[in-house]
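Numbering of residues begins at 1 and proceeds along the displayed sequence.
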Amino acid sequence: MINKIADSVAEALAGVQDGATVLIGGFGTSGNPIELINGLIAQGARDLTVVNNNAGNGDAGLAALLKSGQVRKIICSFPRQVDSYVFDELYRSGKIELELVPQGNLAERMRAAGAGIGAFFCPTAYGTQLAEGKETREINGKHYVLEYPIYGDVALVKAERGDRWGNLTYRMSARNFGPVCAMAAKYTVATVHELVELGEMDPEAVVTPGIYVSKVVKVPRVATQAGGFKK
């Protein structure tokens, strides 16, 4: 019997190794799998490469993971916002490495990993510093840059509903990078707020099929908190 439900976050993350590449869903605080990030901090794996749309908000979630000193490198498209002071300090002091990737390229590089695509040509970043050292090609009169997939050892995603096979649906914009992160990783852990019986989810509505999911953990529903903004 296939049963991917884990009893706890700690159980689901027990096997994460030092040096792992960790793909984390979320767009700012929307769809941010904070319970799994906190679990990764507690688990203690170090020398991590983290892939995320941004570089953390305030002191919680991804920012807390960066602050813990467990991350060697971050690959993201938006490293600086008003409350990214944790990343800012680490980067300026040379304690973390940054690879800047345009947002669409970031999503497509993960999707390509999941789809088994070896590389692809994309026009974004042609003629800029982000294309330096990369192969370029003119196709039908337009210039392109060769980009390679981003593979993950682990993916952490936040979903809305799931079943014991690992099928997932998301809540509106909280979906964002979750599906491509799940596709691109060898081992995917998803939190859900609702666990349902097999057959209760309409197959046509399943966004991430269970084939891409390794473990599912049910967590309480907690209102998303803004980043570092203070009253």
Side-chain angles (χ1 to χ4, degrees), residues 1-18 20-27 29-45 48 50-53 60-62 64-65 70 107 110-117 149-225:
M1 182 180 70
I2 298 174
N3 186 0
K4 298 180 179 180
I5 299 170
D7 291 331
S8 67
V9 168
E11 176 190 318
L13 297 178
V16 180
Q17 301 292 312
D18 290 352
T21 296
V22 183
L23 316 179
I24 301 179
F27 186 93
T29 56
S30 176
N32 187 20
I34 191 165
E35 295 87 357
L36 296 177
I37 296 171
N38 290 340
L40 186 59
I41 295 171
Q43 192 263 5
L48 302 174
V50 166
V51 183
N52 186 256
N53 180 63
L62 178 55
L65 179 62
Q70 294 169 245
M110 287 189 283
R111 192 200 69 82
I117 295 172
I150 296 175
Y151 300 95
D153 297 300
V154 181
L156 309 180
V157 302
K158 178 179 181 177
E160 181 70 11
R161 304 175 80 209
D163 60 27
R164 66 175 174 85
W165 282 1
N167 297 309
L168 305 175
T169 61
Y170 301 82
R171 184 178 184 273
M172 296 185 284
S173 63
R175 171 175 172 174
N176 53 69
F177 289 87
V180 290
C181 288
M183 289 176 64
K186 298 175 185 175
Y187 182 85
T188 295
V189 181
T191 59
V192 297
H193 297 308
E194 184 181 353
L195 277 171
V196 300
E197 295 297 324
L198 293 180
E200 285 189 41
M201 298 173 67
D202 181 352
E204 295 296 328
V206 170
V207 178
T208 296
I211 190 69
Y212 294 118
V213 179
S214 308
K215 293 291 181 181
V216 177
V217 187
K218 186 177 180 181
V219 298
R221 192 184 303 279
V222 178
T224 299
Q225 300 296 312

[X] versus [Y], closest heavy-atom pair with distance:
X	Y	value
Ser214	Tyr187	OG-CA, 3.4 Å
Ile150	Ala184	O-CB, 3.6 Å
Val213	Val216	CG1-CG2, 3.9 Å
Gln17	Ala45	O-CB, 3.9 Å
Ala174	Tyr170	O-CD2, 4.3 Å
Asp163	Val196	CB-O, 3.4 Å

Q: Give me the one residue out of Val180, Thr169, Asn167, Leu168 that meets side chain to side chain contact (heavy atoms under 4.5 Å, CB included) with Thr208.
A: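 Of all the options given, the one that passes is Leu168.
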
Q. For Asn52, which of Leu156, Val22, Leu23, Leu62 qualifies under side chain to side chain contact (heavy atoms under 4.5 Å, CB included)?
A. Leu62

So, the side chain of [X] versus the backbone of [Y]: is there a donor-acceptor pair under 3.5 Å, distance only?
X	Y	answer
Asn38	Glu35	no
Asn176	Ser30	yes
Arg161	Val192	no
His193	Val219	yes
Lys218	Leu195	no
Gln70	Leu40	yes
Asp153	Thr21	yes

[atom2] on [Y] to [atom1] on [X], rounded to 0.5 Å:
X	Y	atom1	atom2	answer
Leu36	Leu65	CG	CG	11.5 Å
Lys215	Ile5	NZ	CD1	10.0 Å
Arg164	Met1	CZ	CE	5.0 Å

Q. Is there a side-chain contact (heavy atoms from CB on, under 4.5 Å) between Trp165 and Leu198 once you walk through the steps?
A. CA-CA 8 Å; Trp165 282 1; Leu198 293 180; 3.6 Å; yes

Q. Would Arg111 and Ile117 satisfy side-chain contact (heavy atoms from CB on, under 4.5 Å), going step by step from the backbone distance to the final call?
A. CA-CA 9 Å; Arg111 192 200 69 82; Ile117 295 172; 3.5 Å; yes

Q. Is Ile24 close to Pro33 at the side-chain level, that is, under 4.5 Å between some pair of heavy atoms?
A.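 Counting from C-beta outward, Pro33 and Ile24 do come under 4.5 Å.
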
Q. Below 4.0 angstrom, N of the basic side chain to O of the carboxylate: do Arg221 and Glu160 qualify?
A.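 Yes, this pair counts.
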
